[in-house]
Protein chains: 2
Amino acid sequence: MQLSNTSQYAIRILAYITDKKDLGLINATQLAEALYIPYKFLTKIMAELVKADLVESIRGRDGGYKLSKSASEIMVDDILNLFNDSIKDEQCVLGIGFCNGLCKCALHDQWMEPKLLMQRMFRESSLEDIAGVGCKI
Amino acid sequence: MQLSNTSQYAIRILAYITDKKDLGLINATQLAEALYIPYKFLTKIMAELVKADLVESIRGRDGGYKLSKSASEIMVDDILNLFNDSIKDEQCVLGIGFCNGLCKCALHDQWMEPKLLMQRMFRESSLEDIAGVGCKI
DNA sequence: TATAATTACTACTAAAAGGTAGAATTAATA
DNA sequence: TATTAATTCTACCTTTTAGTAGTAATTATA
Ligand code: SF4
Ligand code: SF4
């Protein structure tokens, strides 16, 4: 019952980039060291973020990464979507998901609320929101 | 962001056994067919449930499974604990978990509520509660 | 133009989760 | 006692996730 390692890394990476965005480009070495993410694994994730156009990369010497759009336009859920970790409306605690209202288990109604709260948390929190507050992780 | 396949199976299995408990023992073949769980995988899970003393098994011809205690005494969270799927208090969305109150990210407070609701749902729902209501999955 | 610092690409390895196969064990009953 | 229907055990296979290695491509600058 938690996000994949990759999604967690990606969120932390983007939050960190957002936080440092006024200092210019930030490179993979800096990210890996600051966030304690294995360098090689991080560069792999970065390539996906670039491909998904959340991040822009500048190659070559003095290169690095920066956000490809404003931090307020990138939602946490956009990141989760990349790694198939977004919570779908029909997702069910027991992996069924298609029981209708007349025929539901006792977890059904109890699951609606936390699910909705998490969906909202991910969909309505932008990088702008999560960076710059508290510790940078 | 969902329970492991194994945990989902285990919950459904136990709910089904609870639901049918007055009809006597139920065997692996019946469970596998009713719940669309691969037979061989199911028997592996059953062995774990027996070892954890949630289920009692009777071997040999006419054998099968039954709950080892009253359905109201087995909580969904007991099942999740077996498969390391229970939600710990310190669990954090970003896999950190040790940030203190002074230094927290913007997801921290938003995460508290769904986490608590899920913990409660799992800890306070017994097999008695989830079986016998609505469809049997 | 050579060098150094950077990202991108390809391919592999390791660990965990999910699933399968077959034989051993147990017990009812014909 | 032989048969049959059940669980248990051991070992393996497959898929997914996590992580690593090496090299190619790119670019600033000395
Ligand atoms: S009733 Fe239960 S099993 Fe069916 S979709 Fe709702 S939560 Fe899932
Ligand atoms: S502040 Fe954020 S990263 Fe730290 S424990 Fe809370 S949710 Fe996790």
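Just so you know, these numbers use all the heavy atoms, side chains as well, and skip hydrogens, waters and symmetry mates. Letters A, B, ... are given to chains in the order of the sequence lines, protein chains preceding strands, and every chain is numbered from 1.
- Within the structure, a side-chain polar atom (N or O) of B:Tyr9 is placed less than 4.0 Å from OP1 or OP2 of C:dG19.
- On a pure distance criterion of 3.5 Å, no polar donor-acceptor pair joins the side chain of B:Lys40 and the base of C:dG18.
- Put simply, CD on A:Glu48 is 12 Å from C1' on D:dA18, counting in whole angstrom units.
- Proximity of a side-chain donor or acceptor of B:Thr18 to a complementary backbone N or O of B:Ala71 within less than 3.5 Å is not detected.
- One can place CZ of B:Phe41 at 19 Å from P of D:dC12, the figure rounded to the nearest angstrom.
- The residue B:Ser57 sits close only to the backbone: its heavy atoms come under 4.0 Å of sugar-phosphate atoms, none of a base.
- Residue contacts shown for B:Phe83 are absent, as no nucleic acid heavy atom lies under 4.0 Å away.
- Residue B:Ser4 is classed as a sugar-phosphate contact, given heavy-atom separations below 4.0 Å to backbone atoms only.
- Here the C1' atom of nucleotide D:dT20 and the CG atom of A:Leu42 are 14 Å apart, to the nearest Å.
- Taking atom CD1 of A:Ile58 as the reference point, atom C1' of D:dA28 lies 13 Å away to the nearest angstrom.
- Each of A:Asp62 and B:Met46 has a nearest nucleotide on DNA chain D; the 5'-most of these lies closest to B:Met46.
- Contact check on A:Arg123 versus A:Asp89 returns a salt bridge, with a Lys/Arg side-chain nitrogen under 4.0 Å from an Asp/Glu carboxylate oxygen.
- In the interface, the side chain of A:Arg59 is not paired with the base of C:dT6 through any donor and acceptor atom under 3.5 Å apart.
- Residue B:Arg61 contributes atom CZ, which lies 9 Å from atom P of D:dT4 at whole-angstrom precision.
- Ranking D:dT8, C:dG22, D:dT29 by closeness to the B:Tyr65 side chain, first place goes to D:dT8.
- Protein atom OH of B:Tyr39 is 7 Å distant from nucleotide atom C1' of D:dT7, rounded to whole Å.
- The base of C:dG18 is not paired with the side chain of B:Lys44 by any donor and acceptor separated by under 3.5 Å.
- Rounded to a whole Å, the CD atom of B:Gln2 is 14 Å from the P atom of C:dA17.
- Applying side chain to side chain donor-acceptor pair (under 3.5 Å) to A:Ser7 and the options A:Asn84, A:Asn81, A:Asp85 leaves one that passes, A:Asp85.
- Between A:Thr6 and D:dA18 there is a side-chain N or O to OP1 or OP2 distance below 4.0 Å.
- Under 4.0 angstrom from either OP1 or OP2 of D:dT17 there lies no side-chain N or O belonging to A:Asn5.
- Counted within 6.0 Å of NZ on B:Lys51, heavy atoms from surrounding residues, nucleotides or ligands total 12 or fewer; the atom is thus considered open.
- A salt bridge is absent between B:Asp77 and B:Lys88: the closest approach of a Lys/Arg side-chain nitrogen to an acidic carboxylate oxygen does not fall below 4.0 angstrom.
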